[in-house]
Structure formats: structure tokens, C-alpha cells
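Okay, structure first, notes after.
Counting starts at 1 for both ligands and their atoms, in listed order. In what follows, residues are counted from 1 in the order of the sequence shown.
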Amino acid sequence: MAKEGHQGKNLSEIAELYGIGQYDTHFFLCTGPDCCSPEEGLAAWNALKAKIKELFPRMRDAKIYRTKVGCLRMCQEGPTAVCYPQGRWFRGVTADKVAEVIDHIHSGNPAPHPLEFKQNPLPRG
Ligand code: FES
């Protein structure tokens, strides 16, 4: 069954709806249940969606793609997050911290953010 808004579209058209092809960052947020409670994870996820919408009101113009994941294998001090291709890993990305983490990444500031605990940048393809 197709998701609302996807009916009658092929994958290429759906990808275009989401702006795939123009992103410079893919941000993955773990919503628990081991690094944080599901409630804390969901609150962070909702804050992330709001922040990205604030930065990019039209999804097709967004430069940051967001994905909710079930586990990034750190399983403590969450919500855990990682973004690629920068490969910046963050702890404690709670609802009240999401905006500053996204602003830090979006600014291109290479200095580690206080919540950043590891880097593993990927080569840009
Ligand atoms: S449950 Fe979040 S990193 Fe494992």
C-alpha cells in the first residue's frame, strides 16, 4: 500500500518529492529504547523535524535529510545521533539540544560540538 502522497508516482518521482539528490547531510537519530526512553527519543525526533522545517520550509529545498533509527549500537547517553558524510557522532541529543546540534552541523563549523564524542567522516562520492 502506497504512503499518502506517493500514489501513482514511481520511485524517482517520490525521491524528487523529498529533495533526494540535493542533500549535503544525512542525519540519523536514534529514538531508543536503550540509549534513551522511547518518549525522550520521540520528543527529540519531533524537535528534529521542527528544526529542519524551520531551516527549510519546503522539503524539496532541504539540505539535511533526517531518518529515525532504532539503534546506532552505542546504547547509552542518548538519544544518539550521527550525520554523514561528516561522520559526526553525538550523545544526548534531547529535544532541547537538537536545534543547536543541527545549527552546528549546518554552519559547517569543524570544531567539535560539546555533545560530539567521535568522528568518522566518509569520503564524498
Ligand atoms: S538504542 Fe540508541 S544507540 Fe542503541
Side-chain angles (χ1 to χ4, degrees):
M1 181 158 170
K3 182 176 175 172
E4 187 179 335
H6 292 188
Q7 294 90 349
K9 294 182 172 61
N10 65 33
L11 281 178
S12 179
E13 292 165 332
I14 293 168
E16 204 164 298
L17 280 179
Y18 290 99
I20 291 173
Q22 69 187 24
Y23 292 103
D24 54 32
T25 299
H26 193 163
F27 190 87
F28 298 84
L29 178 72
C30 178
T31 57
D34 293 328
C35 67
C36 65
S37 71
E39 294 76 20
E40 196 173 29
L42 184 60
W45 174 246
N46 288 331
L48 174 62
K49 289 195 297 186
K51 178 60 183 176
I52 294 195
K53 190 164 190 144
E54 174 196 312
L55 284 174
F56 310 104
R58 293 183 349 149
M59 194 181 301
R60 66 181 56 170
D61 299 329
K63 298 293 182 199
I64 302 173
Y65 196 71
R66 54 176 168 75
T67 298
K68 176 172 48 175
V69 299
C71 184
L72 289 165
R73 303 175 74 186
M74 299 297 110
C75 302
Q76 64 182 45
E77 299 181 53
T80 309
V82 62
C83 64
Y84 288 108
Q86 301 91 337
R88 301 174 85 157
W89 287 77
F90 301 89
R91 67 166 60 86
V93 187
T94 50
D96 61 326
K97 297 291 184 185
V98 164
E100 73 177 65
V101 168
I102 293 297
D103 282 339
H104 189 81
I105 294 166
H106 187 53
S107 74
N109 185 344
H113 183 274
L115 296 176
E116 206 168 328
F117 65 91
K118 195 71 177 171
Q119 291 195 0
N120 185 168
L122 300 182
R124 290 191 182 253

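- Taking backbone and side chain together, Cys35 holds an N, O or S atom under 2.8 Å from atom 2 (Fe) of ligand 1.
- In this structure, Leu115 CG and Arg88 CZ are separated by 11.5 Å, a value rounded to the nearest 0.5 Å.
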| Residues His26, Tyr65; criterion ring-ring contact (aromatic ring centres under 6.0 Å, His included); working and verdict | CA-CA 5 Å; His26 193 163; Tyr65 196 71; 5.1 Å; yes
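- Look at Gly70 and you'll find a heavy atom under 4.0 Å from some atom of ligand 1.
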| task | Could you walk me through whether Thr25 and Gln86 pass side chain to side chain donor-acceptor pair (under 3.5 Å), step by step? | result | CA-CA 8 Å; Thr25 299; Gln86 301 91 337; 2.7 Å; yes
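- Every atom of ligand 1 with a heavy atom of Met74 under 4.0 Å away is listed here by number and element: 3 (S).
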| Could you go step by step and tell me if Ser107 and Asn109 meet the side chain to side chain donor-acceptor pair (under 3.5 Å) rule? | CA-CA 5 Å; Ser107 74; Asn109 185 344; 4.8 Å; no
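- Follow the hydrophobic side-chain contacts under 4.5 Å out from Phe27 and you never reach Val82; the two are in separate clusters.
- Contact atoms of ligand 1 toward Arg73: 3 (S), 4 (Fe) (distance under 4.0 Å to a heavy atom of the residue).
- Residue Cys30 does not count as close to atom 4 (Fe) of ligand 1, with no N, O or S atom under 2.8 Å.
- Put simply, Cys75 gets within reach of atom 4 (Fe) of ligand 1, with an N, O or S atom under 2.8 Å from it.
- Less than 4.0 angstrom separates some heavy atom of Asp34 from each of these atoms of ligand 1: 1 (S).
- Close approach of ligand 1 to Cys71 (heavy-atom distance below 4.0 Å) involves ligand atoms 1 (S), 3 (S), 4 (Fe).
- Taking every non-hydrogen atom of Leu72 and a distance limit under 4.0 Å, the qualifying atoms of ligand 1 come out as 3 (S), 4 (Fe).
- Between Phe90 and His113, the closest side-chain pair of non-hydrogen atoms falls below 4.5 Å.
- Between Cys36 and Pro79 the shortest side-chain heavy-atom distance falls below 4.5 Å.
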